[in-house]
Every structure is written in structure tokens, then in C-alpha cells.
Amino acid sequence: MAEFNTSIKEQGAVSIINLKGYLDAHTAPILENNFVELIDKKCFQIVVDFKELAYISSAGLGVFMAYIEKIRESNGDIKLSGMNDKVYNIFDLLGFPLLYEIFKSETEAVQKFTEK
Amino acid sequence: MKTKKLRVKSKTENLSLIRDFVSTSASNAGVSADFVENIILAVDEACTNIIKHAYKSSPDGELIIKTKSTLSRFIISITDFGNTFEPETIPEPDLQKYYRQKRVGGLGMYLMKTLMDDVKYVSIPGKYNEVLLSKNIKMAKTNAG
């Protein structure tokens, strides 16, 4: 059975969510809970790292759409990093690179926040 | 023509089982790895829509997934016995406008149609609904014997 889990760490003012496994309609609530928790704590500078993500469906993509507006209204952002080609192709099909900044590495994404 | 069949309950936790079944069926049929990935995602999207819309997320419904392969096509049939799903009411998205309206639910439909060569719906009210997903393929050559 495919699994999915997340871990969260803080790097200065930036929260980093590392994704691992398969993100689909069954596992999407796990990531949703992460965003809810971070927003509750007023953590609006968020990097989501995809280095260990094997699979994503539209339910997973929908999680980002559900929270991005609220985060940006609070002068924050969600930046994405570490996608393999397979996952990136799905994001690209749906126009996500136009909506989100996507970086090769977590480090670059965090750095972009500190540049502001 | 090779055929395989899987029967599962309408629980989202079964999505991974469905993906494994489709992955094995398509790979065994000689479909290329890239196409297998696209087929897996399209079937996941179709089954997720059925669970959410035909069965209103009730876990007691049934889905029957069948795969068929010929020399030129790989076809997946997904049958359910829930409410009729009317795909025509979901327009091809203008993604920018779509996102501004926060209507994320149709992304799956868009992915299915983009990733597969043909998507067809058959519905016999009160009996069953069927979605047919078809991918044109070139078989990886295998030596006989």
C-alpha cells in the first residue's frame, strides 16, 4: 500500500514541508492539515519540497489552490522545490509554473524568501 | 486481446491498489514507461471522480476496473453503479479564470482528457455507468519464446 507523509521544519521565518510518497485524494487531507496548522500559527512563508514525492494527482494539486490566496493575502507565499520530471510535468500541464515559483532545491526556495 | 479485471470498494484508500493494478496490467502489456505513468494518473482521476460524485464519497460502492490491450491501443473500462455523472457540465477549463474562481474540482477531468487519446462515457440510468479511457500505443517489441 502506497504511503504518504510529511515533515515540517523551520528555517528562520520560513516553514519547510517535506513531502514523501503518494499524494492523492486519500492522502491530501494530511497536507491540508499541515497548511491549516501553519496558517493558525501565522507562518505564511512556506516552502514545499517535493524531493521525495513519488506521485501527485489533482487532489494533491488542489490543496495548494485551496490555501494560496489566504497565504498571499497575508503577504506570504508558497514556493515549491525539488520536483522530479514526472511531477513537474503534471504541474506544467495545469499551468502551475505560472502561479508558483518552482526551484531546484529547498535551499534556493528558502533563499528567495530572505531576499525580499 | 489481453484483459484483466479488478473489483474494489469505493474507498479513497483503494486508489493505490487501483494504480498498482493498472501499472502492472499496462507494463505486462508492453506499454512504455512514460505512457504507463500517464495512464495511471488518468485512471486515478477517473476513479476519484466516481468515488466523489457517483458515490458521494460513500465507501460502500463498487468499482470494476478492466484493462484490455491490443497491438495499437490500451483501454481501461471503469464501471460503477452510483449516481450518473454528467461530464458535459464541466467545461474545458480556462485555467487562469478557473483558478481565480477556485473551482479546482475539474482539474481531474482536464488531466484525463489531456493524458488519454479518448475518453468516453456510457450511462444506463439505474443500471450502471462506465467510463472508457483509451491510449494509442506502440508496443515494446518482445521476442517470442
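Reminder, nothing fancy here: chain letters follow the sequence lines and each chain counts from 1.
Within 6.0 Å of NZ on A:Lys86 lie more than 12 heavy atoms contributed by other residues, nucleotides or ligands. Shown here is B:Asp34, whose CG atom has no more than 12 heavy atoms of other residues, nucleotides or ligands within 6.0 Å.
To the nearest 0.5 Å, atoms CG (B:Leu107) and CE (A:Met65) are separated by 8.0 Å. B:Leu41 CG to A:Asn89 CG: the interatomic distance, rounded to the nearest 0.5 Å, is 11.0 Å. Expressed to the nearest 0.5 Å, how far OG of A:Ser57 lies from CG of B:Leu15 amounts to 7.5 Å.
Stacking of B:Arg19 on the aromatic ring of A:Tyr22 is not recorded, the 6.0 Å distance cut-off and the 45° axial limit not both being met.
Neither the backbone nor the side chain of B:Ile51 comes within less than 4.5 Å of any heavy atom of chain A. Contacts between A:Ile68 and chain B at a heavy-atom distance below 4.5 Å are absent for every atom of the residue.
Between A:Asp24 and B:Asp44, some side-chain heavy-atom pair lies under the 4.5 Å cut-off. Between B:Leu115 and A:Leu93, the closest side-chain pair of non-hydrogen atoms falls below 4.5 Å.
Distance alone, capped at 3.5 Å, is enough to place a donor-acceptor pair between the B:Glu45 side chain and the A:Ser58 backbone.
Linking Ile, Leu, Val, Met, Phe, Trp and Tyr residues whenever their side-chain heavy atoms come within less than 4.5 Å leaves A:Phe103 and A:Phe64 in two separate clusters. B:Leu17 and A:Phe4 fall within the same hydrophobic cluster, where Ile, Leu, Val, Met, Phe, Trp and Tyr residues are linked whenever their side-chain heavy atoms come under 4.5 Å apart, directly or through other members.
In this structure A:Tyr100 satisfies the ring-ring contact (aromatic ring centres under 6.0 Å, His included) test together with A:Phe96, sequence neighbours excluded.
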